[in-house]
Amino acid sequence: MDVLDCFTNQGGFALNAAKGGAKRAVGIDLSAHAIVQCEENARLNQFAQCSFIKADVFEFLKEQAQKRLAGEIRGWDMVILDPPAFTKNKANIGQAKRGYADINRTALKLIPPGGFLVSSSCSHHISDSMYLDIIEQEATRVNRKIKLIFRGLQSPDHP
């Protein structure tokens, strides 16, 4: 698989994808420091199929979607979205929902039929049902059929 790990932070999902046999795993993060750490983690683990790009995830996803629409790229077999919390209070729920809708909609445009969207939210004020509704609505908007394969939760020690 070709795997795109958005908001990669330390590269955990991209590195695990490489360990699991991904043909290519690319991590995207806005932090230059995070990208340096990711590259070091890939080097230490001898994962030559991992690469990391310093970029704004929202902009990167939009550029990738435009390239796929134009036939310049095939897309990604798996897109992983694990952003930081989009809201830490109830006052910003609407804005957070729009942010989650945007990244999920754009990610869905990058995935060919049979591909995988791995989507996470650590916004306490966005409920599970609200988050699933967002993803379902965005799939409908881009005319994609989706199926929930797995629903996980954060580990009990997650703050």
Side-chain angles (χ1 to χ4, degrees), residues 1-32 34-86 97-123 126 128 130-155:
M1 287 187 161
D2 288 325
V3 178
L4 181 62
D5 174 13
C6 300
F7 308 96
T8 195
N9 192 4
Q10 297 296 301
F13 288 116
L15 295 165
N16 276 283
K19 184 173 181 170
K23 179 174 65 174
R24 176 173 66 136
V26 177
I28 309 297
D29 204 284
L30 189 55
S31 166
I35 295 300
V36 169
Q37 293 296 310
C38 291
E39 290 169 343
E40 178 65 6
N41 288 336
R43 186 192 66 75
L44 289 170
N45 286 283
Q46 300 176 357
F47 292 148
Q49 71 272 45
C50 275
S51 61
F52 298 92
I53 300 170
K54 180 191 175 298
D56 177 285
V57 170
F58 289 91
E59 293 303 316
F60 184 86
L61 289 174
K62 286 176 187 166
E63 290 168 8
Q64 291 283 293
Q66 289 171 348
K67 287 180 179 179
R68 183 158 192 261
L69 183 64
E72 297 173 24
I73 64 169
R74 185 181 78 76
W76 299 88
D77 300 305
M78 178 181 286
V79 176
I80 301 166
L81 302 173
D82 188 24
F86 284 0
K97 287 172 71 174
R98 286 187 296 279
Y100 288 124
D102 186 32
I103 61 170
N104 281 281
R105 179 180 57 256
T106 310
L108 285 164
K109 292 177 182 179
L110 297 176
I111 304 168
F116 298 91
L117 172 65
V118 178
S119 187
S120 303
S121 166
C122 63
S123 294
I126 303 292
D128 291 352
M130 193 183 303
Y131 197 66
L132 289 172
D133 285 346
I134 291 167
I135 296 169
E136 288 173 356
Q137 288 169 10
E138 296 312 312
T140 300
R141 282 184 69 184
V142 296
N143 199 27
R144 296 300 301 269
K145 291 185 187 273
I146 60 173
K147 178 171 90 174
L148 179 63
I149 296 172
F150 177 79
R151 181 184 162 275
L153 296 171
Q154 64 201 26
S155 60

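When reading the values below, keep in mind they use all heavy atoms of this one structure, side chains included, and skip hydrogens, waters and symmetry mates. Note that this is a predicted model, so its numbers are computed, not measured.
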Pair Leu15-Cys50, side chain to side chain contact (heavy atoms under 4.5 Å, CB included): steps then yes or no | CA-CA 7 Å; Leu15 295 165; Cys50 275; 4.1 Å; yes
Show the numbers, then the answer: is there a side chain to side chain contact (heavy atoms under 4.5 Å, CB included) between Leu61 and Leu4?
-> CA-CA 10 Å; Leu61 289 174; Leu4 181 62; 3.9 Å; yes
Full working for side-chain hydrogen bond (donor to acceptor under 3.5 Å, both in side chains) between Ser119 and Tyr131 = CA-CA 9 Å; Ser119 187; Tyr131 197 66; 2.5 Å; yes
Would you call the rings of Tyr100 and Phe86 parallel, tilted or perpendicular, where under 30° means parallel and over 60° means perpendicular?
-> parallel
Could you tabulate the donor-acceptor pairs under 3.5 Å formed by side-chain atoms of residues 133-141, not counting sequence neighbours?
| unit_1 | atom_1 | unit_2 | atom_2 | d |
| --- | --- | --- | --- | --- |
| Glu138 | OE1 | Arg105 | NH1 | 2.6 |
| Glu138 | OE1 | Arg141 | NH1 | 3.4 |
| Thr140 | OG1 | Glu136 | O | 3.1 |

Heavy atoms, side chains only, cut-off 4.5 Å: are Met130 and Lys97 in contact?
-> yes
Side chain to side chain contact (heavy atoms under 4.5 Å, CB included) against Asp128, all qualifying residues, sequence neighbours excluded | Arg151, Leu153
Can you check whether Ala14's main-chain N or O pairs, donor with acceptor, with Asp5's side chain at less than 3.5 Å?
-> yes
Are side-chain heavy atoms of Phe7 and Ile103 found at a separation under 4.5 Å?
-> yes
Pairs under 3.5 angstrom only: tabulate donor-acceptor contacts from the side chains of residues 53-60 to other protein residues two or more places apart or in another chain.
| unit_1 | atom_1 | unit_2 | atom_2 | d |
| --- | --- | --- | --- | --- |
| Asp56 | OD1 | Phe58 | N | 3.0 |
| Asp56 | OD1 | Glu59 | N | 2.9 |

For Lys67, side chain to side chain contact (heavy atoms under 4.5 Å, CB included) partners two or more places apart = Gln64, Glu72, Ile73
In this structure, which one of Ile146, Ile149, Leu108 forms a side-chain contact (heavy atoms from CB on, under 4.5 Å) with Leu117?
-> Leu108
Could you go step by step and tell me if Met1 and Phe116 meet the side chain to side chain contact (heavy atoms under 4.5 Å, CB included) rule?
-> CA-CA 10 Å; Met1 287 187 161; Phe116 298 91; 3.1 Å; yes
Do the non-hydrogen side-chain atoms of Thr8 and Ile28 ever get within less than 4.5 Å of each other?
-> no
Counting only heavy atoms not in Phe52, do more than 12 sit closer than 6.0 Å to its CZ atom?
-> yes
Does Gln49 use its side chain to pair, donor to acceptor, with the backbone of Lys23 at less than 3.5 Å?
-> no
Could you go through residues 35-46 and list every donor-acceptor pair under 3.5 Å that involves a side-chain atom there, pairing it with any protein atom two or more places apart or in another chain?
| unit_1 | atom_1 | unit_2 | atom_2 | d |
| --- | --- | --- | --- | --- |
| Glu40 | OE1 | Arg43 | NE | 3.0 |
| Glu40 | OE1 | Arg43 | NH2 | 3.4 |
| Glu40 | OE2 | Arg43 | NH2 | 2.6 |
| Asn41 | ND2 | Gln10 | O | 3.0 |
| Asn41 | ND2 | Gln37 | O | 3.4 |
| Asn45 | ND2 | Asn41 | O | 2.7 |

Please test Val118 against Phe150 for side chain to side chain contact (heavy atoms under 4.5 Å, CB included), starting from the C-alpha separation and ending with a verdict.
-> CA-CA 9 Å; Val118 178; Phe150 177 79; over 6 Å; no
Listed by chain and number, what are the salt bridge (charged side-chain N to carboxylate O under 4.0 Å, His left out) partners of Asp77, not counting sequence neighbours?
-> Arg74
